[in-house]
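Since the structure comes first, as structure tokens, the remarks are kept for the end.
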Amino acid sequence: MTKNHEQAKKKQRRIQRDKAKQTKKQRQWIVLGTVFILLLVFIILGIALSRQDSSDQDTSQNDQQGLSYEGQPMTGDSDAPVKVVEFGDYRCMYCGQFDQQIFPQLKKHFIDTGKVQFYFINNTVIDQNSVKAANASEAIFDLAPDHFWVFHHELYDRQKSENVKWVTDELLVDAAKQTVPELDMGSFKAALDDMSYKDEVSGDKSMAMSLDLQGTPMVFVDGELIQDPFDYKAIKSRIQTAIEGKSTGNE
């Protein structure tokens, strides 16, 4: 009985050791499996983030590539380091407010001081009267480019509610007479009748669409969209950052 009892105890200890080894191996496999899954998750997250960064960079690059200043009205020093552009609609009340509230500050602090080139690009979002007004401004830009901006501001000064069809040939002709006294009025009236600059207006609209601009006004500072065009502090800060970056060679 003693011998059998001793053998039974040895067998039981052996079984316990085998179970312990098996449990240890199972734990090791669980740990290895967990580590593998975590590594896999980190790799997937890394790839996703990398693709997102790449997408964001591509979007930013596409925005800047889609934004073209060539052939657009500009005021300011042509050597000014920073470009600011407004996409606007002469029928848009908010654009009128921007012209009266924000533009004068930009002109005083940055345009007149040789720090900013300011551009205007049509984005006719309201109706065909928006196109009519934009066509007239393009005509002035072509026929009397030095007087574009005074005509531009005059249209905003004469602006009425968006519910009113205030853009008429009579108004446009009178605005031109008041702001561009030496204008070839025959050519200007013909441009109004024939909508001679509708292709230029359409090209501006296409650019705005390529930038996914849904409304007006929209403002860019060196290719970066300002989220709130009426936040002058944000516009000013972005301009100053751009100026500093260019002066140190970082941009």
Show the nearest heavy-atom pair for residues [X] and [Y], with the distance to one decimal.
X: Q100; Y: P104; answer: O-CG, 3.3 Å
X: T124; Y: A134; answer: CG2-CB, 3.9 Å
X: P229; Y: I235; answer: O-CD1, 3.4 Å
X: R91; Y: N129; answer: NE-CB, 3.6 Å
X: G114; Y: P81; answer: O-CD, 3.7 Å
X: F220; Y: L225; answer: CD2-N, 3.5 Å

For this session: Quickly, which of K115, K246, R238, K83 forms a salt bridge (charged side-chain N to carboxylate O under 4.0 Å, His left out) with D222? Name it, please.
Result: K246

Roughly how far, to the nearest 0.5 Å, is the [atom2] atom of [Y] from the [atom1] atom of [X]?
X: S202; Y: Y197; atom1: OG; atom2: OH; answer: 16.0 Å
X: T113; Y: D77; atom1: OG1; atom2: CG; answer: 9.5 Å
X: L67; Y: E224; atom1: CG; atom2: CD; answer: 12.0 Å
X: N123; Y: E86; atom1: CG; atom2: CD; answer: 10.0 Å
X: I102; Y: Q97; atom1: CD1; atom2: CD; answer: 10.0 Å
X: M218; Y: F98; atom1: CE; atom2: CZ; answer: 12.0 Å

Problem set entry | CA sep, side-chain torsions, deciding dist, call: F148, F120, side chain to side chain contact (heavy atoms under 4.5 Å, CB included) | CA-CA 10 Å; F148 169 83; F120 179 81; 4.3 Å; yes

Problem set entry | Between Q117 and Y119, a side-chain donor and acceptor under 3.5 Å | yes

For this session: Verify whether one side chain among S130 and D89 offers a donor that lies under 3.5 Å from an acceptor in the other.
Result: yes

Under the side chain to side chain donor-acceptor pair (under 3.5 Å) test, which residues partner [X], sequence neighbours left out?
X: D212; value: Q214
X: N122; value: E138, D204
X: Q159; value: none

Minimum side-chain heavy-atom gap [X]-[Y] below 4.5 Å:
X: L183; Y: I140; result: yes
X: F230; Y: P217; result: yes
X: S137; Y: Y90; result: yes
X: T75; Y: I111; result: yes
X: L106; Y: I239; result: yes
X: H152; Y: F141; result: no

Exercise. Residues sharing V201's hydrophobic cluster, by side-chain heavy-atom contacts under 4.5 Å among ILVMFWY, directly or via others?
Worked result: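 Noted: V201 shares its cluster with V131, M195.
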
Exercise. Hydrophobic cluster mates of I126, side-chain heavy atoms under 4.5 angstrom, ILVMFWY only, any path?
Worked result: V125

Any donor-acceptor pair under 3.5 Å from [X] side chain to [Y] backbone:
X: Q105; Y: Q101; value: yes
X: S210; Y: M207; value: yes
X: W149; Y: P73; value: no

Exercise. Counting only heavy atoms not in Y94, do more than 12 fall under 6.0 Å of its OH?
Worked result: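 For Y94, atom OH is not crowded (no more than 12 foreign heavy atoms under 6.0 Å).
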
For this session: Return yes when atom CE of M209 has more than 12 non-hydrogen atoms of other residues, nucleotides or ligands closer than 6.0 Å, and no otherwise.
Result: no

Cut-off 3.5 Å, no hydrogens considered: what does the side-chain donor-acceptor table look like for residues 170-180, sequence neighbours left out?
unit_1: D174; atom_1: OD2; unit_2: R158; atom_2: NH1; d: 2.8
unit_1: D174; atom_1: OD2; unit_2: R158; atom_2: NH2; d: 2.8
unit_1: T179; atom_1: OG1; unit_2: A175; atom_2: O; d: 2.7

For this session: With ring pair (Phe, Tyr, Trp, His ring centres under 6.0 Å) as the test, would you mind laying out the steps for F103 and H153 before giving the verdict?
Result: CA-CA 10 Å; F103 179 81; H153 297 309; 4.9 Å; yes

For this session: Examine M93 and Y156 and state if one hydrophobic cluster contains both, with Ile, Leu, Val, Met, Phe, Trp and Tyr joined whenever side-chain heavy atoms are less than 4.5 Å apart.
Result: no

For this session: Indicate the ring-plane relationship of Y232 and H109, choosing parallel, tilted or perpendicular according to the 30° and 60° boundaries.
Result: tilted

For this session: With side chain to side chain contact (heavy atoms under 4.5 Å, CB included) as the test, would you mind laying out the steps for Y69 and V85 before giving the verdict?
Result: CA-CA 8 Å; Y69 308 97; V85 58; 4.2 Å; yes

Problem set entry | Close aromatic pair by centroid cut-off 6.0 Å: F151 and H147 |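 No, too far apart.
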
